*Asks:* 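My questions all concern the structure below.
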Protein chains: 2
Amino acid sequence: MPSVTVENYLKHLLLLAEETDGLVPMGALSAALAVVPGTVTTMVKSLAADGLVVHRPRQGVKLTAAGRRLALGVLRKHRLVETFLVQVLKMHWSAVNAEAEQLEHAISDTVLDRLDALLGHPSTDPHGDPIPSRLGKLHSQVYATLATCPLARPVRLVRITEQSAEFLQFAEQHGLLPGASARVTDRNLAAGLVTVQRPRGRPLALSLAAAGRILVEPAR
Amino acid sequence: MPSVTVENYLKHLLLLAEETDGLVPMGALSAALAVVPGTVTTMVKSLAADGLVVHRPRQGVKLTAAGRRLALGVLRKHRLVETFLVQVLKMHWSAVNAEAEQLEHAISDTVLDRLDALLGHPSTDPHGDPIPSRLGKLHSQVYATLATCPLARPVRLVRITEQSAEFLQFAEQHGLLPGASARVTDRNLAAGLVTVQRPRGRPLALSLAAAGRILVEPAR
DNA sequence: CCCGCCATTTTGAGTAGTCAAAATAATTTC
DNA sequence: GAAATTATTTTGACTACTCAAAATGGCGGG
């Protein structure tokens with residue numbers, strides 16, 4: 001049975017792999033886990049010895065098939081627990097990430113399956129992030145973001161890829177929830193500013209970085 | 001924040017204190033936690049240094065007020081989680097102890113309060129064990145058991161103080177659930193045997209030890 | 001009163017995970 | 001192409017928890 005620590009290394013590796021697409025640099029992992037780089041090196045070598053990752057020294061790490069399978073299991077627990085906390089316990093979506101961080105390591109597969117059924121086998125969590133299936137399929141679609149979508153066209157928000165409670169509260173405050181409609185009216189690369197327009201709302205300015213965390217699809 | 005290990009030491013100490021009423025011998029704790037006695041000695045000394053227990057060398061341990069408060073918190077989580085697993089997720093009561101053993105260390109007070117409200121603030125868990133209140137009150141009543149109650153009088157089962165899945169399945173098989181009615185028709189101390197009669201059932205023989213784990217109150 | 005038994009404590013050692021800081025590579029800069 | 005910067009790895013040390021096995025203390029039986 002993998003330890004809590006191992007599960008966290010694998011989970012973050014999976015999350016970082018989505019972005020960096022290939023080898024994850026040690027520094028990125030170190031930052032994500034909030035441990036010093038030396039610790040990551042040590043730990044990654046032991047994960048490699050267990051066949052969960054491959055380590056290219058001085059270059060980075062990536063998951064093996066076995067490591068990915070484990071990581072998907074943890075991610076599934078995390079996102080199903082989040083969904084439960086919001087839908088059944090009526091918690092605020094900005095608070096559930098921290099809670100799920102703990103519970104994902106304590107919940108058994110048996111309990112998870114019951115939870116899944118209770119929730120009606122949801123395919124995304126409250127942030128719009130896809131929930132891996134029991135078999136470890138992750139229907140990860142490539143979406144545009146508010147930083148990259150066409151100007152002036154109506155879009156629907158599908159996913160907020162940022163977990164910090166502050167950001168999520170800010171997003172909600174301005175109606176930027178999964179499912180909402182909007183339109184990017186202006187994008188100023190030089191200033192790093194994006195202006196979005198919500199139906200019946202005033203224009204809202206976002207940093208390019210923030211806009212890049214909000215995934216959208218064409219409306220209608 | 002106390003570690004999982006510390007929480008387990010304190011919880012088992014609380015449970016054992018109910019039985020031994022006073023100082024818990026090191027050996028009992030060692031057996032309950034499934035670690036060698038030397039480990040318990042070391043650990044208890046460090047708990048004592050933190051003011052969570054008092055250690056009388058060569059005699060035993062007991063909780064301080066601070067230790068008891070923490071232990072009651074853990075027990076509350078354990079029993080509320082068990083109740084949730086049975087009532088909401090419809091799990092079998094013989095399986096939930098093992099699950100709760102894990103979850104009790106991962107669930108926050110916030111989530112716990114919501115769970116408590118969702119369940120309607122129950123006062124006992126599915127085994128009939130009392131759930132400590134949020135303030136740490138444990139309405140522990142003194143009950144008779146099938147090994148000590150008057151002969152021939154109708155009684156109602158209120159609580160099964162044994163968590164092993166095998167025992168619980170056996171109990172259920174014969175209708176020995178909290179809430180059920182029964183009558184002790186015979187008690188043979190020499191043979192260590194108790195005979196109980198359920199309404200519309202055949203007489204059932206139990207060991208004295210098993211009978212002592214089933215708490216009852218006078219029916220009606 | 002001493003012997004032996006049992007529970008407990010001590011001692012020495014191991015595992016998992018972590019940090020601080022020095023050593024080493026790789027990459028960029030000039 | 002040497003020097004400087006930055007990422008990574010090594011080394012040595014620490015914490016929390018555990019076990020095995022030897023030492024100790026208390027107690028009942030003779």
Side-chain angles (χ1 to χ4, degrees), chain A residues 1-13 16-17 19-63 66-67 70-71 74 101-102 104-106, chain B residues 1-13 16-17 19-63 66-67 70-71 74 101-102 104-106:
Chain A
M1 201 81 346
S3 70
V4 169
T5 309
V6 168
E7 289 191 348
N8 274 329
Y9 273 76
L10 298 179
K11 183 187 70 174
H12 279 111
L13 226 25
L16 291 169
E19 297 168 15
T20 61
D21 193 54
L23 277 189
V24 175
M26 304 302 266
L29 194 48
S30 153
L33 291 162
V35 296
V36 303
T39 301
V40 171
T41 303
T42 319
M43 200 60 202
V44 160
K45 286 206 284 195
S46 115
L47 292 177
D50 293 350
L52 297 173
V53 305
V54 317
H55 180 205
R56 293 263 175 60
R58 306 261 163 201
Q59 300 193 77
V61 229
K62 64 175 178 189
L63 292 169
L70 246 42
V74 178
E101 209 79 24
Q102 301 303 311
E104 69 191 4
H105 308 294
Chain B
M1 200 81 344
S3 70
V4 169
T5 309
V6 168
E7 290 191 346
N8 275 327
Y9 273 75
L10 298 179
K11 183 188 71 175
H12 279 110
L13 226 26
L16 290 170
E19 296 170 14
T20 62
D21 192 54
L23 278 189
V24 175
M26 304 301 266
L29 193 48
S30 153
L33 291 162
V35 297
V36 301
T39 302
V40 171
T41 302
T42 318
M43 199 59 201
V44 159
K45 285 206 282 196
S46 114
L47 293 177
D50 292 350
L52 297 173
V53 304
V54 318
H55 180 204
R56 293 265 175 61
R58 306 256 163 207
Q59 300 194 74
V61 228
K62 66 175 178 193
L63 293 169
L70 247 43
V74 178
E101 209 79 27
Q102 304 302 310
E104 68 191 5
H105 307 294

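Reminder, nothing fancy here: chain letters follow the sequence lines and each chain counts from 1. Predicted model, so just to flag it, every value in this text is computed and none were measured.
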*Asks:* Any side-chain N or O of A:Thr39 less than 4.0 Å from the OP1 or OP2 oxygen of C:dC19?
*Replies:* yes

*Asks:* Can you find a donor-acceptor N/O pair under 3.5 angstrom joining the side chain of B:Arg58 to the base of D:dT24?
*Replies:* yes

*Asks:* Rounded to whole Å, how long is the line connecting atom CG of B:Leu47 with atom P of D:dC17?
*Replies:*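 Rounded to the whole Å, the gap is 8 Å.
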
*Asks:* Could you check which of D:dT18, D:dA20, C:dT9 has an atom nearest any side-chain atom of B:Val36?
*Replies:* D:dA20

*Asks:* To the nearest angstrom, how far is B:Met43 atom CE from C:dT10 atom C1'?
*Replies:* 18 Å

*Asks:* Using atom CD of A:Glu7 as one end and atom P of C:dG17 as the other, report the distance to the nearest whole Å.
*Replies:*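 Answer to the nearest Å: 11 Å.
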
*Asks:* Under a 4.5 Å cut-off applied to non-hydrogen side-chain atoms, are B:Pro2 and B:Leu70 in contact?
*Replies:* yes

*Asks:* If every non-hydrogen atom of A:Val44 is compared with every non-hydrogen atom of A:Val53, which pair is closest and at what distance?
*Replies:* O-CG2, 3.8 Å

*Asks:* Base, sugar-phosphate, or nothing: which does A:Gly38 touch, judged by heavy atoms less than 4.0 Å apart?
*Replies:* base

*Asks:* Rounded to whole angstrom units, what separation is found between the CG atom of B:Leu29 and the P atom of D:dT18?
*Replies:* 11 Å

*Asks:* In whole angstroms, how far is the P atom of D:dA16 from the CG atom of B:Leu52?
*Replies:* 13 Å

*Asks:* Which pair of non-hydrogen atoms, one from A:Glu104 and one from A:Glu7, has the smallest distance, and what is that distance?
*Replies:* O-OE1, 4.2 Å

*Asks:* If you take all heavy atoms of B:Val36 and B:Ser30, which pair is closest and at what distance?
*Replies:* C-OG, 3.9 Å

*Asks:* CG of B:Leu23 versus P of C:dT8: gap in Å, rounded?
*Replies:*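 Computing the B:Leu23:CG to C:dT8:P distance gives 11 Å.
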
*Asks:* Taking the side chain from B:Ser46 and the backbone from B:Thr42, do they hold a donor-acceptor pair closer than 3.5 Å?
*Replies:* no

*Asks:* Starting at the 5' end of DNA chain C, which residue's closest nucleotide do you reach first, B:Thr42 or A:Val35?
*Replies:*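 Result of the comparison: B:Thr42.
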
*Asks:* Choosing from C:dT8, D:dT8, D:dT18, which nucleotide comes nearest the side chain of B:Thr5?
*Replies:* D:dT18

*Asks:* Which nucleotide, D:dT9, C:dT8, C:dT18, lies nearest any side-chain atom of A:Met26?
*Replies:* D:dT9

*Asks:* In whole angstrom, give the distance that lies between atom NZ of A:Lys45 and atom C1' of D:dT8.
*Replies:* 11 Å

*Asks:* How is B:Ser3 classified with respect to the nucleic acid when contacts are heavy atoms under 4.0 Å: base, sugar-phosphate, or nothing?
*Replies:*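 It contacts sugar-phosphate atoms only.
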
*Asks:* Measuring to OP1 and OP2 of C:dT9, would you say a side-chain N or O of B:His55 lies under 4.0 angstrom away?
*Replies:* yes

*Asks:* Taking only the side-chain heavy atoms of B:Tyr9 (C-beta and beyond), determine which of D:dT8, C:dT18, D:dT18 contains the nearest atom.
*Replies:* D:dT18

